[in-house]
Every structure is written in C-alpha cells, then in structure tokens.
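The next block holds one structure in the form of structure tokens; read it before the comments.
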There are 2 protein chains.
Amino acid sequence: MRTGAEPAGSKTYSITQLSEEFSVTPRAIRFYEDRGLLHPRREGQTRIYSQRDWVRLLLILRGKRVGFSLAELREILDLYDLGDQQTEQIRLTLVLARNKMVALERQRQDIDQTMAELGTACTYFEKLLAERGLDPEAAIAAPRQRRARTA
Amino acid sequence: MRTGAEPAGSKTYSITQLSEEFSVTPRAIRFYEDRGLLHPRREGQTRIYSQRDWVRLLLILRGKRVGFSLAELREILDLYDLGDQQTEQIRLTLVLARNKMVALERQRQDIDQTMAELGTACTYFEKLLAERGLDPEAAIAAPRQRRARTA
DNA sequence: GGTGACGTTGACGTTAACGTCAACTGGTCA
DNA sequence: TGACCAGTTGACGTTAACGTCAACGTCACC
C-alpha cells in the first residue's frame, strides 16, 4: 500500500504471467524496465504489473516489430505520460510524434514496394513451375518458428 | 576481362561512388560483400560494381529499412539469382517468398495501428495547445538527421 | 527442516552490423 | 623522388538487446 493510485481492485500480473502472455522472457521484461520503458510497482522485492504496464508492454512489442529501438520506444511511451506538462514540452512532444509518423509513412512505402517485388517474383516462380507441369500450390509453407518458447 | 558477361559498355561504379550515392560507408559495402550480398567484379585488387550490383544495393538498403537482417536479405536476393535451378529449389524459393510476404503484411498492420495511435495522440496534443490559445503549427519539425555523412 | 516454485540481483557472454585504425599497394602529378 | 590519393586487408572496438549462469531470498507445503 504505497501510493494507492491504482483503482485498488484493478487486475495485476506477475512477471511470468506477462512473459507467457506475450511470449517474451522475464529477462527481457526486466531489461525494458532497466531501460525506463516500464515502471512496475514493487511488493517487497517482487514486481507487480498493472493494466497500464500491460498496455505498455503491448506497445513496446508492437513498436519493436515496427522497427523502433528501445530508446525510441521510451520516447514514444513518454508521450502518453504527460500529465500537467509545460506548454513547451507539449509542443516538443507533438513534433516528436509527427516525426515518428513521417518515418512510419516512409517505411510503409518501403514495405509496399518490397511486397510488390516479391509478388512479381512469386508469379514468375509459379509460371516456371506451371511450365514444368507442376502445381505451385504443392509448395506448402512451413510455419516459420522464430524464438518461440519451448515450454 | 574475366567473364565478359556484362554488356561491355554498361556503366560501372567504384566503391566510393556507390557509398556516396547511397549514403553508406565503403566499410558497410564491403561488409555486405563479406556476407554474400554483393559479388562485385575485381580489377586487380579493386572492386568494380555493375548496374546489377547497384540494384542489389538498393534492395539491400530498402530491405534493411523494412527490418530484414542481412542474412534474410541474402536469401531474398538469392531469389533473383536462380538461373536453371532444379524444380525443388524453385518450389522452396516460392515458399520463402510467400513467407516473407506474410511477415511484411503483418508488419504493415503494425505500422497502421501505430500510426493511428500516434495520430490520435497528435490531435490530443493539438487540442491541448489550442485550449491554451496557441497555434499547434508553431511546432516546427526539425529534420531528424540520422547517420548522415558529415562529408 | 528440506525441497521446489517463483522471484531477485549482478556479472559475464553473444550476435549483428558495422566503426575505427593500422599497415600496405598502386597510380599520378609536381 | 616524394607526396598524395583511392583502394585494400586484417584486427580489434562498439552498441543494442537480450541470454545464461550463479548465488541468494521467501513462501507454501509435506
């Protein structure tokens, strides 16, 4: 009962609960805290994560997939944290957010181009296979497992 | 005059030409070669890059922005290299390409979501500023320079 | 009172993608 | 001849994002 800022009955998570739900290791979660991306409550030694932390972790992982570094993600998450900030601070934050959006927009263009190229490559391969009288659909995609927990 | 496979008059590039055109260091370009992403001709010691190498470098850099690792990019670039491959090889390649596309599709969804969130955040900030009677457009975005050569 | 399960803090190891530096080669221009 | 490029090959350094391992605490349970 330190701050009592939480709605008292709000759901909380242990570190392993979070780690299993999001398929990341506890080590990673602690690391994010070390880098200032998460600030869980403490009960004695052990960390206790709130709903807010849950959302933050979601945003972190999505951000990583999008290509943000942890440092950048910290900046972004801080955007959501401004309470009664100074005007100048808000203005800077706004600039930051807009910059991020510009970068993302460009990245999406890159993705579109790459997908287009891969697409034409695919149809080319399919044509090749068809010429040899083979069914392109026979090529079954193996589910690329990548750092899944063995659990 | 090793293979003579090039159209003889086709344009070529030195390593610094390429590095300046794409704003990467020569070191990086050599590194990509070391990892099997580029295979420039040699004239004695020095590397000579063809149009094909130019395109490859373009694809490499775009791929990196999209989040591919160099190892993955090597796989992708090899897609463009199959000459008279075996059928099974083509089939595998097709699978690979399709997998890449699935991954990219998901990534684009991530980007869209992130942009949406940043967008609402922006409008919120703008509202905040407006409430204080300030012009949100006064927030001028500084051009985020990131690893630009100092030249 | 021992033995797991779950948690903690260091400290060190690892991989990717280069940067940095040193030492060398080969042309070219004054 | 000597200085100055542009290029080369090692070899080592660096940063990010964790993994791995050791040593410890603590609670419930049998």
Side-chain angles (χ1 to χ4, degrees), chain A residues 2 12-50 53 56-77 145-151, chain B residues 12-50 53 56-77 103 145-151:
Chain A
R2 192 144 288 175
T12 62
Y13 308 82
S14 79
I15 195 168
T16 34
Q17 279 173 23
L18 272 191
S19 82
E20 283 168 5
E21 187 163 349
F22 287 102
S23 296
V24 294
T25 66
R27 175 69 177 97
I29 297 182
R30 292 193 201 100
F31 186 72
Y32 298 152
E33 177 178 353
D34 186 69
R35 293 313 171 93
L37 302 184
L38 291 173
H39 315 286
R41 223 175 68 219
R42 293 286 183 127
E43 197 129 304
Q45 287 262 75
T46 79
R47 295 161 169 87
I48 299 189
Y49 297 88
S50 65
D53 294 319
R56 282 191 152 236
L57 186 49
L58 179 76
L59 293 177
I60 291 169
L61 297 177
R62 182 191 295 155
K64 285 199 49 178
R65 289 195 304 261
V66 164
F68 286 127
S69 73
L70 294 189
E72 288 176 313
L73 283 172
R74 182 187 173 162
E75 288 182 357
I76 294 181
L77 287 176
Q145 93 166 358
R146 175 191 289 282
R147 190 152 315 187
R149 335 284 302 298
T150 33
Chain B
T12 63
Y13 309 81
S14 79
I15 194 168
T16 34
Q17 279 174 21
L18 272 191
S19 82
E20 283 168 4
E21 186 164 350
F22 287 102
S23 296
V24 295
T25 66
R27 176 71 178 95
I29 298 182
R30 291 192 202 99
F31 187 72
Y32 298 153
E33 177 179 351
D34 186 69
R35 293 314 170 92
L37 301 184
L38 291 174
H39 314 286
R41 222 175 68 218
R42 293 287 184 125
E43 197 129 306
Q45 286 262 76
T46 80
R47 295 161 168 88
I48 299 189
Y49 298 88
S50 64
D53 294 319
R56 282 191 151 235
L57 186 50
L58 179 77
L59 293 177
I60 290 169
L61 297 177
R62 182 191 294 156
K64 284 199 51 177
R65 289 195 303 262
V66 164
F68 286 126
S69 73
L70 294 190
E72 289 175 313
L73 283 173
R74 182 186 173 164
E75 289 181 356
I76 294 182
L77 287 176
Q145 93 166 0
R146 175 191 288 283
R147 190 152 315 189
R149 334 283 303 298
T150 34

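Residue numbering restarts at 1 for every chain, and letters A, B, ... go by the order of the sequence lines. Quick caveat, the model's predicted, so the values are computed rather than measured. What you see below is based on every heavy atom in this structure, not just the backbone, and it leaves out hydrogens, waters and symmetry mates.
Neither OP1 nor OP2 of dG26(C) sits under 4.0 Å from any side-chain N or O of T46(B). Applying the 4.0 Å criterion to OP1 and OP2 of dG19(D), one finds that T25(A) has a side-chain N or O inside that range. Phosphate contact (OP1/OP2 of dC18(C), side-chain N/O of Y32(B), threshold under 4.0 Å): present.
Taking only side-chain atoms of T16(A), from C-beta outward, the nucleotide of dG7(C), dC18(D), dT9(D) with the closest atom is dG7(C). Nearest to the side-chain atoms of A28(B) among the listed nucleotides dC18(C), dC18(D), dT8(C) stands dC18(C). Closest contact between the side chain of F31(A) and the listed nucleotides dT9(C), dC18(C), dC18(D) involves dC18(D).
When each of L70(B) and R47(A) is assigned the nucleotide of DNA chain C with its nearest heavy atom, R47(A) is the one assigned upstream, toward the 5' end. Along DNA chain D, the nucleotide nearest to K64(A) and the one nearest to R27(B) differ in position, and the one closer to the 5' end is contacted by R27(B).
Between the CD atom of Q45(A) and the C1' atom of dT8(C) there is a distance of 5 Å, given to the nearest Å. With rounding to whole Å, Y13(B) atom OH is found 15 Å from dG7(D) atom P. For E43(B) and dG27(C), the CD to P distance is 11 Å, given to the nearest whole Å. Rounded to whole angstrom, the span from the CG atom of L37(B) across to the C1' atom of dC18(C) amounts to 13 Å. For the pair L18(B) CG and dT8(D) P, the computed distance is 11 Å after rounding to whole Å.
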| Derivation and outcome, side chain to side chain contact (heavy atoms under 4.5 Å, CB included), residues I29(A) and Y49(A) | CA-CA 11 Å; I29(A) 297 182; Y49(A) 297 88; 3.4 Å; yes

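Residues H39(A) and E33(A) have side chains not in contact (no heavy-atom distance under 4.5 Å, counting atoms from C-beta outward). Residues Y32(B) and L73(B) form no side-chain contact, since every pair of their non-hydrogen atoms from C-beta on lies 4.5 Å or further apart.
Residue R30(A) is classed as a base contact, given a heavy-atom separation below 4.0 Å to a base.
Of the listed residues (L38(A), L37(A), L70(A)), just one forms a side-chain contact (heavy atoms from CB on, under 4.5 Å) with F31(A), and that residue is L70(A).
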